[in-house]
Structures are given as C-alpha cells and as structure tokens.
Amino acid sequence: MTDSGDFDAAWLPSAAFRAVGGRRVLMRAGAGPPADTVHRELADACERFGGRVVRDGVDGDFDLVLGPTGDDPGDEGFTLERRAGTTTVTASGGRGLLYGLFHVVRLGEDAFRGERAREVHRPALASRMLDHWDNVAVHPVMGQVERGYAGGSLFWADGRARGDLERVRAYGRLLAACGINAVALNNVNVHETEARLLTDRIGEVAAIADVLRPYGIRTHLSVTFAAPMVLGGLPTADPLDGAVRAWWAEATRRVYEEIGDFGGYVVKADSEGRPGPFAYGRSHADGANLLAAALEPYGGTVHWRAFVYDHHQDWRDRSTDRARAAYDHFTPLDGEFAPNAVLQVKHGPMDFQVREPVSPLIGAMPRTRVAVEVQATQEYTGQQRHVCWLGPMWSEVLRFRPDGGVSTGRLADGLVAVSNAGDDPFWTGHPLAQANLYAFGRLAWDPAADPRAVLDEWIALTHPGAPARLADGLHAVLDGSWRTYEKYTAPLGVGFMVQPGHHYGPSVDGYEYSPWGTYHFADRDGVGVDRSTATGTGYAGQYAEPWAGVYESPDTCPDELLLFFHHVPYGHVLHSGRTVIQHIYDTHFEGVEEAEEARRVWAGLADLVEPARHARVAERFEEQLRSAREWRDQVNSYFLRKSGVPDARGRTVH
Ligand code: BDP
C-alpha cells in the first residue's frame, strides 16, 4: 500500500503535507487531546519535509502560526489570514485548530502565497456523524457489517472490540480531515451481543472512544429500546414507567462514568421489527424523550430515527403507501421532542434509492431538531462494485428548498451517513468510493459547497502532485457516474427492481408481490405509482408549495421523478420529448455505454495511479459492466414484453 503501511493513505498521504511541512511553525495552544494531535501532525510533517515547529513563548519569524483567538468562531470554527509573510490560524479550542490545520493542508502552497484577508470558517451543521452498521458478533444473515461492502468492521473482530486500535486511529484522522465529528459504533439493528455494549461491555466502547477523541470525534452507540427488559430484567420498556426511566438514568450515568464526552444514543424503534414505544401505546416523542432525559444531565443527544413504516403491507391494497409513513407518524409530534432529541430522517421517503424526492418530513417539523440521513454505503447504488460518486446526489438533497425558502442543508441540525468504510485495505472496497466518504464530511461542514470543488479537493489530496491528466480522467470517470448508474437501473424514480434480500443486481418484480411496500405497478398499459392527491395516495400533498403543486401533475413533475409520483402510459411524452418506453430503452443502452467509456478512461490512467489501486478499480469495472448489461437486458426485455412497443431505434431488445 502507499505510505501508511498495510492500508491505503486515502486523502492523507504524507505528500499532502509537503507545503506545511517545509515551514517554520509556531503553535500556541494549551495541552489537550485535539491540540496535541495538531502539534503531532505538524511535528511529523516538519520532520519529513525539513521544517520546524515550536510550541509557545518564542519570538521570531514564522511562516505559520496557530493559536488561540480573541474572537469567537465557535467551538469548532477557526479563522485564517495571511499578512506580511505569516499565515495565521486561530481558534477557541483544539478542535478548531485541528480543522484549521487540515484546511491549510488542503490549500497547500496557496496557504503561503500573497496576502489573505481574515476568513472565518465554521461548520454549518453541528453534528456530522457516521453511523456504522457494524455487528460485534457476525450475524448469520447480515455478516459482520450490515450492508457493508468493504470487508469487516474497523472496530470489532472475533466478537469483541479489536485489541489493536491503530487502524481506528488512522480512521479518526481521516474523518477529522474531512470534518466528521461523531461516530456511532454499532448497527441500528441491535442484536443481543451488541445490546450489551451499553452495560457490561461499555469498557470496549470506552477504549475506542479514547482513540477517536484526539481527532475531535465523539462516540455514540445504537441501543435497543427494549434494553430495560433484555439487559435489566424489567417486565416492560414502557417509556412512562418509573422503573424504566430509572433504569435508563442509571445505565446512562454509568456510560458517562466511563466516557465523559459520550455523544449519545441512536435508536431504530418500531421499525422493521425492532421494539419501540408503540407496544405500550406511547408515541415516538415519549420514546425519544425517555432517552433524552437520561442523557440530558451529561450533554448527550438521542438520534431517533424516523424510518417507521409497516413492512407487512398488503401489496394488493393500493391505498397504503410506504412513502407517506414517516410524515404521517411524526408531524403530529412536532414540538413534543426534548431539546436534546434529534429526529434522524432518511433523505428520501423510501430507502436510499438512486433517485427519490427529498423527504417531505424535512422542513415539516419546524419545532423539532432534524438530522438528514444519507447512505454512503452503496446498498442500492452498486455496492461499491460499481463506481457511483454520490456528491451530486447529496448536494441536490441539501440544496432542496422544502417550501421554496430555506434549504434543507440550512434547516437541518446534522447530517448523518451510513458509513461505507471497513477493514478493506482501501477502506471502502472500491477505492473511488473514498470520494463519497470524503464528500460526506465536507458537505456536512458546508452543505452549500459545490460537489465538483469537493471532488477537486479529494483528487488533489489523494494524488498530490499528479498531472492534470489524472484529475481530468477522474472527473470523467466520477462526475456523471451517479446518473450513469441511474440510467441502467430502475427508471424515472420508480426505485427498487433489485434482487430481494441482498439488493444487488436486477429483479424487476423482485419486490412487486411482497409486503415491503416498494412497488412499480407495471402492467400492459403503463408503469409508476400514483401518489397524487387527486387520484392517488395523497403523498404529493405532504409537500409544502411549490412542491405539492409541482409533483401533483405529470405535466409539471420533473421527468426524473415521474414514476415516483405518477402511473402513466408507456406512450406518455416526457419533457425531454421522448416517450416513457423509449426513455427506458435509450437510457439503458446509454448507461451501459457510459460505463464502458468510464472503464476505457480508467484503463488509460494506469501510468498515473499506484498499481494496486489501479488494479482494484479495473477489476471492479469488469463486474460493473457485467452487471450493467444484465440490468439493461432485464429491464428492457421486461418492458418490451409488458408494453409490446418495440425500440424506435431498432436495437435488439429480447
Ligand atoms: C435498509 C437496509 C436495512 C437497514 C434499514 C435501516 O436494507 O439493512 O436496517 O435500511 O435503515 O436500507 O434501518
């Protein structure tokens, strides 16, 4: 592997520190975990590149000075300026200095050129969290990491916390360098072994928290709502029961005894079979507030997931609509959640499909703290065998303005991603999926950032000094890859059409006659789900204007979401001028061609990329192509047979 030993250096190869490491640096800051990290980073870089770092009380000429500020850029913010040959970073604490240092690293030589007026940088979103769906004990169906495509867990092996946490340290460093400040260590589906992390196994969690803390990262745990029963032996988990409340208060007190800066709990309740407050006739605000009350004395937060829907639907009943569920359950509770409860809402109303509208729940609860959840792990976007750069998708979500005013990215309190990292030498299985992890952190820091600029940062950091041909090639491979994936999979926002269970590869009717609520309703005449208010499920009416109106009619609904909102005949003409059936054929051919072209571009970069990394991506492209062709052929054949309409361009569709 590159220069970090037996795993990839990702966006922190030592050469990325060249500009900083050759300088005379003064660091004025008290001791403490993140400040010490900054000092160590500077010392390492200077040792490598011939610079010198001193700490405190020294006069003299310096190229870079880091120290405390008189202003208040916030706990994590920093200022940057350059005058008279000195670049100065100030912050009110170690975490701000840490982010300031990595900002200077990103700027490279630019940080040391000319003059720079004072800039204040601070994160737009307070919580920038990765949820690891890691199991401590290997699960018989889901394995070590649920929906994990990057090897085993970074934290857990052989049924317990890893003894050697050096890799976790390196992970914390990578996360800090893109601005992530919180990590939940275990699967939201909390099985028996994992439940005990909260109590008798908290020491293992504390050991991991100790390693992440120097990087400004707080540790969170997923817990089961039934913990008072399964761990405490109580007869109930009723959130209004006094003994249950006392149990949570005591369990939480003990957690903080071990981990003073513990971040809090993540809870999946009444969702896909997990226990929750419904069993006691209580609301989800009652449930969340129970845990919020236990965490409150210590400054902790409960992230309460809004992924609540009926997964035992009668698929013959067209009046039920899974897309409606989160909004229907939660909007009546607006204003009832405690101040340290955050409602964690998936970005779309269904489940991380390649194309969904933004969830109408985001923006519909003005008196509730909301975190938006995205999925970096590519469960439905190629499982890290296909290249799929998600920066543009997430940016669309964050820039969406629920009522035409303030954007999602500004409304939200936090951004959460289901992590795509594991113990794979490249961290993310597909080496180019590292860009998604990086972009997640950067977009959580600044949701208005241009994803293309974020990709430029990632390219430059990951391949310092590479010629423009590499950057151009990476842009050619990555920029359009999300849309390419969309083209050869489920069309026009209809979603799913995946193999049930593992969700990889096509199966057009895989979920069509199942209780999960994920249907396309294709018949001989047309396809799509009528979610209009006039004739359908009424889901479109959950949006504020202008969106309720825009989505209500097929005339105004954007093409890419047409089949999410409407059931239309195959001959329906899209805004693009093509019929729906022809769009399906064309995009499926185009998608495969684009993937072939990306593979060709990648092959041409062999001389510029480290051989192992190049080979890994090349190998993944073979599988992507195989799978893309399979998608194309199954989807096209399916719709030819349903509709009887041949391809207008005469290509072979069987
Ligand atoms: C779905 C996954 C499932 C997760 C669930 C969730 O298929 O493994 O448990 O989401 O978010 O996408 O809880």
Side-chain angles (χ1 to χ4, degrees), residues 129-136 138-150 153 184-191 194-195 220-226 265-276 278 284 287-288 302-313 322-323 325-326 329-330 342-356 359 361-362 371-384 388 390 393 397 414-420 422 436 440 489-490 495-505 507 510-511 514-518:
M129 177 158 94
L130 283 175
D131 277 7
H132 279 262
W133 287 356
D134 295 16
N135 298 314
V136 177
V138 174
H139 185 267
V141 180
M142 290 299 171
Q144 175 96 66
V145 181
E146 181 155 336
R147 312 306 182 186
Y149 314 105
S153 168
L185 296 181
N186 62 308
N187 193 358
V188 288
N189 297 316
V190 184
H191 309 292
E194 291 72 24
H220 299 239
L221 271 187
S222 293
V223 296
T224 168
F225 194 75
Y265 301 135
V266 178
V267 189
K268 172 176 180 177
D270 292 318
S271 168
E272 300 183 332
R274 312 317 303 168
F278 285 162
H284 275 235
V302 57
H303 281 78
W304 189 267
R305 296 179 84 229
F307 188 52
V308 177
Y309 71 98
D310 176 11
H311 68 295
H312 292 304
Q313 310 205 351
R322 171 168 161 181
H329 282 303
F330 286 98
V342 173
L343 190 63
Q344 188 166 312
V345 184
K346 288 193 182 188
H347 68 84
M350 297 297 280
D351 196 7
F352 303 133
Q353 298 305 291
V354 67
R355 176 73 69 172
E356 290 188 41
S359 168
L361 187 55
I362 304 167
V372 177
E373 182 180 310
V374 299
Q375 198 181 41
T377 197
Q378 291 170 234
E379 177 179 2
Y380 292 102
T381 50
Q383 303 199 347
Q384 280 130 265
C388 190
L390 295 166
M393 182 212 266
V397 169
L415 191 66
V416 178
V418 184
S419 170
N420 63 353
N436 289 331
F440 164 73
T489 57
F496 293 91
M497 301 191 173
V498 290
Q499 295 270 349
H502 57 67
H503 299 165
Y504 186 74
S507 175
Y511 276 113
S514 80
W516 293 90
T518 55

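Ligands are counted one by one from 1 in listed order, and the atoms in each one are counted from 1 as well. None of the values given here were measured: they were computed from a predicted structure.
The residues lining ligand 1, counting any heavy atom closer than 4.0 Å, are W133, E146, R147, V188, N189, K268, E272, R305, F307, K346, D351, E379, Y380, H503.
Aromatic rings from H503 and Y511 are positioned such that their centres are separated by under 6.0 Å.
Residues satisfying the side-chain hydrogen bond (donor to acceptor under 3.5 Å, both in side chains) criterion with Y504, sequence neighbours excluded, are H386, E623. Under the salt bridge (Lys or Arg N to Asp or Glu O under 4.0 Å) criterion, R274 pairs with no residue, sequence neighbours left out. Looking at residues two or more places apart in sequence or on another chain, you find no side-chain hydrogen bond (donor to acceptor under 3.5 Å, both in side chains) involving N186.
Each of T377, N189, N135 was evaluated against E146; a single residue qualifies, N189, per the side chain to side chain donor-acceptor pair (under 3.5 Å) test.
If you check the side chains of Y309 and E272, you find a donor sitting under 3.5 Å from an acceptor.
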